[in-house]
There are 2 protein chains.
Amino acid sequence: MELAILGGTGDIGEGLAMRFASDTDHTITVGSRDAAKASERARAYEKRLSAHDVETEISGTDNSSAAASADVVILAIPPHHVGDTVEELTEDNVLSDQLLISPAVGMSGDGDGLHYRPPSTGSVTEFVAQRAPESVPVAGAFHNLAADRLADLEATLDVDTLVVADDPAVSDRVVTLTADLAGVRPIPAGPLSNAAEVESLTPLLINIARYNEGMHDVGVTFN
Amino acid sequence: MELAILGGTGDIGEGLAMRFASDTDHTITVGSRDAAKASERARAYEKRLSAHDVETEISGTDNSSAAASADVVILAIPPHHVGDTVEELTEDNVLSDQLLISPAVGMSGDGDGLHYRPPSTGSVTEFVAQRAPESVPVAGAFHNLAADRLADLEATLDVDTLVVADDPAVSDRVVTLTADLAGVRPIPAGPLSNAAEVESLTPLLINIARYNEGMHDVGVTFN
């Protein structure tokens, strides 16, 4: 399968690229607004994977080109840019039936911690769904995975991630995709209208990391 | 120590009463708007504890009387009543330096699941702190523990609960209190202004339970 990770030069994009490259046979393309930067980062990821005895090819190109040839597109884009990115993909006419997965979370910080700040549509995931063409299935996932922990292939994960999608078949596709990542258990949490409760877990995890020694890059499991 | 559980005839009140009675030596008083009902429920809890070889005395009385003699007061009251209850305690002049712990969460449901609906102050925990006299320390805890799982003494917990308080010493007191419950690990999550991210975990857990077989009364752990 062809997997495009847009914003794949950023932290969560890097983490997801490293794990999908390491744990699956999918063809990975890193997308960025800057194609040259994407290409350069793709080579850096290959090198780091090779150091872990994972010999694989990762491509890097601009976001639209990466999405055009993909089956699944992960929008590893900051929340305040993800709407524009989806609109660009639509304008560039590259979206047909790719599955879009949104991991972004709107947050703001104060002296005490991070707080959940969703867009007026209710959640970033729903915001992406509103901006995408109707034919394009949208899911939310990977919101609550710590980027640095993903990117560190020596790190044990043993964490859960929540999946939201309006169509249960779309949710199933994301669950299947995610279950291939070693140590990541995907858990369905219902339709997109439940995304806010999923996304708000991210600032909580960051606050827990801040107030507890030894819980840096903390993840979550449900039991 | 004297522990009052106001609203102790309700689901989460019952669960906390059963576990604190079973796992600690604290003196437990169940409070309710209806003193007779509190007393009747207290006897029922004693009977159920006795069936689990826990011989202990639990008192039941009205909320103000329960709070008056307590060191720690757990406000196991529905979110839309908890403000009035704290005001009644204040008017009845029973609050001096008791530690108030708020486990309530504002939620509303639609066809898809439950959604976090905090009061305009940001969270129920902060709402309680606003209504309480300034001298009274307020913390949030126990939001994300499933009531029925607590109440079932046969059930294994192995779950975490998050603690918020503005004063780290108050947070420490709640952590110490909670650590006595078998299978419950208290985790500080910062000041009261971080309570919204803690409280919003509750509708998420209920949504996860709904969309996943075998995850009824699901809890959370951070790792």
Side-chain angles (χ1 to χ4, degrees), chain A residues 105 107 109-118 122-123 143-144 146 149 156-160 162-166 168 171 175 183 185-215 217-223, chain B residues 105 107 109-118 122-123 143-144 146 149 156-160 162-166 168 171 175 183 185-215 217-223:
Chain A
V105 175
M107 296 182 279
D110 61 19
D112 295 330
L114 287 186
H115 304 295
Y116 182 49
R117 298 288 178 259
S123 64
H143 305 93
N144 61 301
R149 189 160 162 190
T156 307
L157 295 181
D158 284 339
V159 293
D160 294 342
L162 297 156
V163 177
V164 285
D166 283 342
S171 178
V175 165
R185 179 177 65 155
I187 299 184
L192 296 182
S193 58
N194 291 349
E197 284 70 33
V198 171
E199 294 178 4
S200 58
L201 191 51
T202 303
L204 175 63
L205 291 171
I206 297 170
N207 293 341
I208 290 172
R210 170 173 169 171
Y211 286 96
N212 296 274
E213 277 196 43
M215 296 189 89
D217 289 333
V218 65
V220 66
T221 55
F222 299 93
N223 64 313
Chain B
V105 175
M107 296 183 280
D110 60 19
D112 295 331
L114 286 187
H115 304 296
Y116 182 49
R117 297 288 177 259
S123 64
H143 305 93
N144 60 302
R149 189 160 162 191
T156 307
L157 295 179
D158 283 339
V159 292
D160 294 342
L162 297 157
V163 177
V164 284
D166 283 343
S171 177
V175 164
R185 179 177 64 154
I187 299 183
L192 296 182
S193 58
N194 291 348
E197 284 70 33
V198 171
E199 295 179 5
S200 58
L201 191 52
T202 303
L204 176 64
L205 291 172
I206 297 170
N207 293 341
I208 290 172
R210 170 172 169 171
Y211 286 97
N212 296 274
E213 278 195 42
M215 296 189 90
D217 289 332
V218 66
V220 66
T221 54
F222 299 94
N223 63 313

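Order of the sequence lines sets the chain letters (A, B, ...), proteins ahead of strands, with each chain counted from 1.
Put simply, the side chain of A:Asp112 never gets that close to the backbone of B:Ser193: no donor and acceptor are under 3.5 Å apart. No donor-acceptor pair closer than 3.5 Å links the side chain of B:Arg117 to the backbone N or O of B:Gly109. No donor-acceptor pair under 3.5 Å is formed between the side chain of A:Glu199 and the backbone N or O of A:His143. Put simply, the side chain of A:Asn223 never gets that close to the backbone of B:Val159: no donor and acceptor are under 3.5 Å apart.
Interface residue B:Leu157: only backbone heavy atoms are found under 4.5 Å from chain A. Heavy atoms closer than 4.5 Å to chain B are found nowhere in A:Leu192, neither backbone nor side chain. Looking at A:Asp158, the atoms closer than 4.5 Å to chain B (heavy atoms on both sides) sit in the backbone and in the side chain alike. When heavy atoms are compared at a cutoff of 4.5 Å, A:Asn212 approaches chain B solely by way of its side chain, counted from C-beta outward.
In terms of heavy-atom pairs under 4.5 angstrom with chain A, the leader among B:Ala189, B:Pro191, B:Ala196 is B:Pro191. Taking A:Thr202, A:Thr221, A:Ile208, A:Val220 one by one and counting their heavy-atom pairs under 4.5 Å with chain B, the maximum is reached by A:Thr221. Here A:Pro188 is the residue among A:Gly113, A:Pro188, A:Ser200 with the most heavy-atom pairs under 4.5 Å with chain B.
Considering B:Leu162, B:Asn194, B:Ile187 in turn, B:Asn194 is the only one that fulfils the side-chain contact (heavy atoms from CB on, under 4.5 Å) rule with A:Tyr211.
Heavy atoms only, all atoms of each residue included: B:Asn207 and B:Leu114 are closest at OD1-N, 2.7 Å.
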